[in-house]
Amino acid sequence: QVQVVESGGGSVQAGGSLRLSCVASGYNDQFNWMAWFRQGPSTGREGVAAMWTNGGGTTYYADSVKGRFTISQDNAKNTIYLQMSSLKSEDTATYYCAVDRNYGGGAWSETNEYNFWGQGTQVTVSS
């Protein structure tokens with residue numbers, strides 16, 4: 001059974017930083033495709049960042065977070081992180097980690113690319 005667990009959410013003032021963590025287990029821990037999504041109070045679930053963790057660690061980012069957020073990995077622990085800096089009120093959302101064994105052929109930001117999801121962690125940015 002696959003488990004995906006996020007941590008690190010919280011409340012921060014605009015301009016501040018937070019780091020989210022995601023640990024995936026099960027499936028012999030072979031998750032090559034790992035990503036972060038978010039869903040705000042009145043928005044759909046959108047892709048924030050993704051990483052192909054096998055090999056070179058290719059990364060992808062939404063335009064809205066480029067230069068402010070960084071996705072990274074710890075392969076030994078099947079873990080990814082999302083370092084968020086210069087946070088804005090519009091970054092307020094529930095952040096979800098999504099993983100899968102392989103690339104499904106669609107865009108990295110499509111929710112149906114990932115079969116396994118965490119329960120989410122809340123990030124609140126106050127202005």
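Numbers here are sequence positions counted from 1.
- Looking at Trp33 and Tyr114, their side chains come closer than 4.5 Å, going by heavy atoms from C-beta outward.
- If you check the side chains of Gln39 and Thr94, you find no donor sitting under 3.5 Å from an acceptor.
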Between Ile71 and Tyr60, does the side-chain contact (heavy atoms from CB on, under 4.5 Å) criterion hold? Intermediate values first, please. CA-CA 9 Å; Ile71 187 171; Tyr60 306 85; over 6 Å; no
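- With rounding to the nearest 0.5 Å, the separation of CD in Gln122 from OG1 in Thr92 is 7.5 Å.
- Side-chain contact check for Val23 versus Asn78: every heavy-atom pair is 4.5 Å or farther apart.
- The closest donor-acceptor contact from the side chain of Asn54 to the backbone of Asn32 lies at 3.5 Å or more, if one exists at all.
- Residues satisfying the salt bridge (Lys or Arg N to Asp or Glu O under 4.0 Å) criterion with Asp100, sequence neighbours excluded, are absent altogether.
- In this model, no donor atom of one side chain and acceptor atom of the other lie less than 3.5 Å apart for Tyr81 and Arg19.
- At a threshold of 4.5 Å between non-hydrogen side-chain atoms, the residues Trp36 and Cys97 count as touching.
- Salt bridge absent: Lys88 and Asp91 never bring a charged side-chain N and a carboxylate O closer than 4.0 Å.
- Taken from CZ in Phe31 to SG in Cys22, the straight-line distance is 9.5 Å, to the nearest 0.5 Å.
- Remark: side-chain polar atoms of Gln3 are not paired, donor with acceptor, to backbone N or O of Ala24 under 3.5 angstrom.
- You'll find the ring centres of Trp108 and Tyr103 outside the 6.0 Å limit.
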